[in-house]
Amino acid sequence: MKMIFKIAKTELQSLFYSPIAWLLLVVFAYQVGMIMSGMLEDIVVRQAMGYESWRVTTIFGELFGNVQGTLYFYIPLLTMNMISRDLSGGTIKLLQSAPLRNAEIVLGKYLALMVFGLAMMGVLLFYVLFGVCTIQNIDFPYVLTGMLGLYLLLCAYAAIGLFVSSLTSYQVISAVGTFIVLMLLSMVSGWGQQYDLVREITFWLGISGRAATFIQGMICSEDLIYFPVVTGMFLALTIIRLHAIRQKQKFSILYHGEYFLTLNGIPF
């Protein structure tokens, strides 16, 4: 565990020393602020016209729904260099030559992404606290359930992005690949609805619909299990990928060593 925390600390420092992480936080905060101000303006206009403000608490459900629909734009930029940078720069060889297991490397990097995800949730928490102070009889469990669903969705997206990042040494390809995978997982739940079998498969594959249940204020055991299963599956695939890279490097070193000894007439 100590090595996992050290890797996570190093990755967090690398994230917050780069302008990309700060830019993502600023853009995310701006997006959330614009959505929230627009909905509050709508409520004020309704009150000025004499209508009842029937959806004061549910504006958080609308806010979380809008954030869910654009969350997959942020994750590819966040995860594109987590492992691709190490593959292109050769630092992955240093990590694997150290007394570190592949699982520790992956979990350390993933822990850093989870902490950054908490920073993004902190932006939403600011508006939730604002709502607690200004909205009478706010449905607090409803709001917290929606935030939980968004955070679980973000963690699943981060695991998928980490896996895609391990497949290539080019950061741009990693970002584009992650974006395509996340976009497909967000859209697949609406495919083939006229066929029962296809509908069941696409519903299971559709990851965004799972978070929508939380945003609606309901915690379903199936959805609660789904996110850890998907996250664990992609983290396991990332560990397997790093293990394959390590085995390939060992084979390459052994092959070139044997070739060198053969050229120099040295028996082995």
Is there a path of hydrophobic side-chain contacts, each under 4.5 Å between heavy atoms of I, L, V, M, F, W or Y residues, that connects [X] with [Y]?
| X | Y | answer |
| --- | --- | --- |
| V229 | I239 | no |
| V67 | V26 | no |
| Y170 | I75 | no |
| L12 | I20 | yes |
| Y17 | V115 | no |

First locate atom [atom1] of [X], then atom [atom2] of [Y], and finally report the distance between them rounded to the nearest 0.5 Å.
| X | Y | atom1 | atom2 | value |
| --- | --- | --- | --- | --- |
| F116 | L24 | CZ | CG | 5.5 Å |
| Y110 | T238 | OH | OG1 | 10.5 Å |
| Y127 | M147 | OH | CE | 12.5 Å |
| Y142 | I215 | OH | CD1 | 8.5 Å |
| H243 | R101 | NE2 | CZ | 13.5 Å |

So which heavy atom on A8 is nearest to which on A112, and how close?
->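 In this case the closest contact between A8 and A112 is O-CB, 3.7 Å.
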
F73 to G69 - nearest heavy-atom pair and separation |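 Minimum heavy-atom contact is CE1-O, 4.4 Å.
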
For [X], side chain to side chain contact (heavy atoms under 4.5 Å, CB included) partners two or more places apart:
| X | value |
| --- | --- |
| I4 | M1, E104, L107, L111 |
| K9 | Q13 |
| S169 | L87, S88 |
| L113 | L78, T79, M82, A158, L162 |

Is there any salt bridge (charged side-chain N to carboxylate O under 4.0 Å, His left out) pair reaching into residues 147-166, and which pairs are they, with sequence neighbours excluded?
->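 Qualifying pairs, neighbours excluded: none.
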
Salt bridge (charged side-chain N to carboxylate O under 4.0 Å, His left out) partners of residues 17-36, not counting sequence neighbours, each pair once |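 For residues 17-36: none.
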
Run the side-chain hydrogen bond (donor to acceptor under 3.5 Å, both in side chains) test against [X] and tell me which residues pass, sequence neighbours left out.
| X | result |
| --- | --- |
| Q31 | T70, Y74 |
| Y151 | none |
| S37 | none |

Hydrophobic cluster (4.5 angstrom, side-chain heavy atoms) - remaining members for Y30 = M34

State, with a plain yes or no, whether a side-chain heavy atom of [X] is found less than 4.5 Å away from one of [Y].
| X | Y | value |
| --- | --- | --- |
| V164 | F234 | no |
| F64 | T145 | no |
| L154 | L150 | no |
| K109 | I105 | yes |

Distance-only, no hydrogens or angles: does the Y72 side chain make a donor-acceptor pair with backbone N or O of L184 under 3.5 Å?
-> no

Is the backbone of T10 close enough, under 3.5 Å, to the side chain of S14 for a donor and an acceptor to pair up by distance?
-> no

Name each donor-acceptor pair under 3.5 Å that joins a side chain in residues 216-228 to protein atoms two or more places apart or in another chain, with its distance.
from	atom 1	to	atom 2	distance (Å)
E222	OE2	R210	NH1	3.3
D223	OD1	R210	NH1	2.9
D223	OD2	T213	OG1	3.2
Y226	OH	W204	O	3.1

Could you list the donor-acceptor pairs under 3.5 angstrom formed by side chains in residues 173-183, with sequence neighbours left out?
from	atom 1	to	atom 2	distance (Å)
S174	OG	M80	O	3.4
T178	OG1	S174	O	2.8

